[in-house]
Peer 1: 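The structure under discussion is supplied below as structure tokens; questions concerning it will follow.
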Amino acid sequence: MMTMCRQTPSHAKRSHLSFRPHIRDSAQRNIERWFAIVSYLLRRLFALVTTVLAVISLVFVLLRLSPGSPLYTLLGFSYSEEGRAAVAERLGLNASIPEQYVRYLRQLVGGDLGASVFSGQPVGELLAQRLPVSLELGLVAGAVWMALGILAGALAALWHGSPFDGLVRVTSVVALSVPSFWLGLVCVLVFGVYITGVLPVSGYVPISEGLPEHLRGLVLPAFVLGLPAFAVVARTFRGSVLEVLDRDYVSFATSMGMSRRALLARVALRNAAIPLVTVMGLMLGMLVSGAILVENVFGVPGLGQLMVDSFRRQDYPVAAGCCLAVAVLYLLTNLLVDLAQLAIDPRIREGVLNGGRVR
């Protein structure tokens with residue numbers, strides 16, 4: 001007994017020491033996982049910054065090489081060379097294009113987007129006024145139409161081969177085929193000439209002037225803007241759900257007595273959500289950043305209308321700032337989609353943690 005008592009502490013000590021390699025291995029694996037995630041995020045951020053720089057450079061060069069100049073708009077056709085030189089020097093247009101480009105990049109690094117050539121208002125203030133309108137329009141259109149697309153796609157997959165399934169497919173094809181600007185003009189014609197007083201066809205009512213009127217003003221632009229998103233989401237989700245329902249484990253669950261609706265709710269929707277997240281993220285970025293035509297058709301004072309006006313008048317700083325805002329919005333949306341995929345898809349997560357590349 002005394003011998004056993006003497007050996008017990010030694011045995012416990014050896015057992016305690018035997019766990020130390022496992023603890024070290026576990027800590028090393030956690031460090032490697034965190035390093036892989038941080039490395040992945042840094043690569044994505046580097047790609048984002050590089051893409052933004054490429055967009056800025058391309059827009060800057062194309063604006064400078066395009067015919068015309070804001071000087072002609074400011075001075076008109078009757079001007080003196082002294083006046084033209086003075087205005088060009090004030091706007092910084094008397095320097096060469098490379099010198100202007102370097103100066104513009106320095107301003108961007110310092111957080112200065114410049115000022116409008118015509119109004120003198122800082123570009124940052126203009127974007128702060130117009131961007132919330134475009135964001136609201138895109139988010140409202142995306143939330144409503146994507147939710148309807150998910151519902152339609154799920155029901156079409158559940159009732160595969162039914163008349164409702166055919167209706168969803170035909171509606172999706174038609175919605176993708178109709179140009180947004182043409183549909184917007186049709187809505188303006190119908191609700192502005194034939195069915196007057198039901199929905200406003202132009203302008204924007206701030207929410208401070210009343211929520212009902214504010215929402216009424218968003219109905220037609222959100223309908224035209226979000227209809228293609230409904231088609232893409234419905235078709236994608238229908239195909240993903242049908243693909244999941246055809247797998248072996250679903251057939252096994254069906255043979256065990258699980259109803260088709262229970263399969264759809266517990267298994268199919270969860271597994272079909274992975275490609276849906278990608279499509280919804282891309283469509284949301286397109287809705288927010290691609291509302292240029294819709295805003296101009298319905299007279300919505302958003303980022304798209306500001307962009308068209310700045311390009312038409314060749315307001316270089318405002319046009320470049322609008323393109324920068326659209327590029328950053330779209331790229332940030334793509335980054336959020338990649339992070340969402342990383343969170344919900346174990347295969348992508350393991351690929352990142354093992355040092356693989358994720359597309």
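The first residue of the sequence shown is numbered 1, and numbering continues consecutively from there.
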Peer 1: State yes or no: do Leu137 and Leu215 share one hydrophobic cluster built from I, L, V, M, F, W and Y residues joined by side-chain heavy-atom distances below 4.5 Å, directly or via other members?
Peer 2: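 Each belongs to a different hydrophobic cluster.
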Peer 1: Would you compute the distance between atom SG of Cys323 and atom CG of Leu63 and round it to the nearest 0.5 angstrom?
Peer 2: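 Going from SG on Cys323 over to CG on Leu63, the span is 7.0 Å.
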Peer 1: Hydrophobic cluster membership, with links at side-chain heavy-atom distances under 4.5 Å among I/L/V/M/F/W/Y: are Phe46 and Tyr330 in one?
Peer 2: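 No: no chain of side-chain contacts under 4.5 Å links Phe46 to Tyr330.
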Peer 1: According to a 4.5 Å side-chain heavy-atom criterion applied to Ile, Leu, Val, Met, Phe, Trp and Tyr, with indirect links allowed, do Val198 and Leu218 form part of one hydrophobic cluster?
Peer 2: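 Yes, it is one cluster - the side chains of Val198 and Leu218 are joined through contacts under 4.5 Å.
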Peer 1: Counting C-beta onward and ignoring hydrogens, is there a side-chain heavy-atom pair between Val188 and Ser202 closer than 4.5 Å?
Peer 2: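 They are not in contact (no side-chain heavy atoms under 4.5 Å apart), so the answer is no.
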Peer 1: Specify the closest pair of heavy atoms between Gly321 and Leu127, including all atoms of both residues, with the distance to one decimal.
Peer 2: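 Shortest heavy-atom contact: O-CD1, 3.8 Å.
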Peer 1: To the nearest 0.5 Å, how far apart are CZ in Arg103 and CG in Asp112?
Peer 2: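 Here the rounded value is 12.0 Å.
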Peer 1: Let me check something: do Leu211 and Val219 share a hydrophobic cluster, defined by ILVMFWY side-chain heavy atoms less than 4.5 Å apart, either directly or through other members?
Peer 2: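 In one cluster with Leu211: Val219, no.
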Peer 1: Contact between Gln100 and Tyr104 at the side-chain level, heavy atoms closer than 4.5 Å - yes or no?
Peer 2: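 Gln100 does not reach Tyr104 side chain to side chain.
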Peer 1: Indicate the atoms forming the closest heavy-atom contact of Leu335 with Leu45, along with that distance.
Peer 2: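 Closest approach of Leu335 to Leu45: CD2-CD2, 4.0 Å.
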Peer 1: Among the clusters formed by ILVMFWY side chains lying less than 4.5 Å apart, do Ile195 and Val186 turn up in the same one?
Peer 2: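 Same hydrophobic cluster.
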Peer 1: I'd like to check Leu329 versus Leu135 (side-chain heavy atoms, cut-off strictly below 4.5 Å). Are they in contact?
Peer 2: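 Sidechains of Leu135 and Leu329: in contact.
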Peer 1: Please determine whether side-chain contact (heavy atoms from CB on, under 4.5 Å) holds for the pair Leu324 and Val59, giving the CA-CA distance in whole Å, both sets of side-chain angles, and the decisive distance to 0.1 Å.
Peer 2: CA-CA 9 Å; Leu324 177 62; Val59 170; over 6 Å; no
Peer 1: Tell me if a side-chain donor or acceptor on Arg235 pairs with a main-chain N or O of Gly149 at a distance below 3.5 Å.
Peer 2: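 Here the side-chain-to-backbone pair does not exist.
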Peer 1: Could you walk me through whether Asp165 and Arg238 pass the side-chain contact (heavy atoms from CB on, under 4.5 Å) test, one step at a time?
Peer 2: CA-CA 9 Å; Asp165 183 23; Arg238 173 186 174 275; 2.6 Å; yes
Peer 1: Partners of Phe311 by ring-ring contact (aromatic ring centres under 6.0 Å, His included), sequence neighbours excluded?
Peer 2: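 ring-ring contact (aromatic ring centres under 6.0 Å, His included) list for Phe311, sorted by chain: empty.
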Peer 1: Restricting to pairs with a member in residues 168-192, which pass ring pair (Phe, Tyr, Trp, His ring centres under 6.0 Å), not counting sequence neighbours?
Peer 2: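 Counting only pairs at least two positions apart or across chains, no ring pair (Phe, Tyr, Trp, His ring centres under 6.0 Å) contact touches residues 168-192.
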Peer 1: Apply side-chain contact (heavy atoms from CB on, under 4.5 Å) to residues Leu331 and Val55 and explain how you reach the verdict.
Peer 2: CA-CA 11 Å; Leu331 292 172; Val55 170; 5.9 Å; no
Peer 1: Compare all side-chain heavy atoms of Leu41 with those of Leu339 and state whether any distance is below 4.5 angstrom.
Peer 2: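 Leu41 reaches Leu339 side chain to side chain.
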Peer 1: To the nearest 0.5 Å, tell me how far Glu99 CD sits from Ile97 CD1.
Peer 2: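 One gets 11.0 Å once the value is rounded to the nearest 0.5 Å.
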Peer 1: Is it true that a side-chain atom of Ser134 and a backbone atom of Leu303 form a donor plus acceptor pair closer than 3.5 Å?
Peer 2: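 Yes, Ser134 side chain to Leu303 backbone: donor-acceptor pair under 3.5 Å.
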Peer 1: Looking at side-chain heavy atoms only, is the closest gap between Val178 and Leu227 below 4.5 Å?
Peer 2: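 Heavy-atom side-chain distance check fails, nothing below 4.5 Å.
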Peer 1: Which residue pairs pass the ring pair (Phe, Tyr, Trp, His ring centres under 6.0 Å) test with at least one member in residues 207-234, sequence neighbours excluded?
Peer 2: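 Every pair satisfying ring pair (Phe, Tyr, Trp, His ring centres under 6.0 Å) with a residue in residues 207-234: Trp145-Phe223, Trp145-Phe230, Tyr204-His214.
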Peer 1: Starting at CG of Asn296, measure out to CG of Asp309 and round the result to the nearest 0.5 Å.
Peer 2: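 If I round to the nearest 0.5 Å, the distance is 6.5 Å.
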Peer 1: How close do Val241 and Ala157 get, heavy atom to heavy atom, and via which atoms?
Peer 2: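 Minimum heavy-atom separation between Val241 and Ala157: CG1-CB, 3.4 Å.
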Peer 1: Working to the nearest 0.5 angstrom, can you tell me the gap between Leu199 CG and Leu220 CG?
Peer 2: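 Between atom CG of Leu199 and atom CG of Leu220 there are 5.0 Å.
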Peer 1: For Pro221 and Val300, which heavy atoms make the closest approach, and how far apart are they?
Peer 2: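 Pro221 and Val300 have their closest heavy atoms at CG-CG2, 4.1 Å.
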Peer 1: Stepwise, does the side-chain contact (heavy atoms from CB on, under 4.5 Å) test hold for Leu332 with Leu336?
Peer 2: CA-CA 6 Å; Leu332 284 179; Leu336 292 177; 5.5 Å; no
Peer 1: So which heavy atom on Val201 is nearest to which on Gly192, and how close?
Peer 2: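 Scanning both residues, the minimum pair turns out to be CG1-N, 3.7 Å.
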Peer 1: Test your reading of the model: is there a side-chain donor-acceptor pair from Ser310 to the backbone of Met307, 3.5 Å cut-off?
Peer 2: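 The answer is yes, because a donor-acceptor pair under 3.5 Å joins these two groups.
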Peer 1: Just verifying a value: how many Å separate Leu108 CG and Ile56 CD1, rounded to the nearest 0.5 Å?
Peer 2: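 Between atom CG of Leu108 and atom CD1 of Ile56 there are 5.0 Å.
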Peer 1: Please give me the minimum heavy-atom distance between Ala128 and Pro132, naming the atom from each residue.
Peer 2: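 Closest approach of Ala128 to Pro132, heavy atoms only: O-CD, 3.1 Å.
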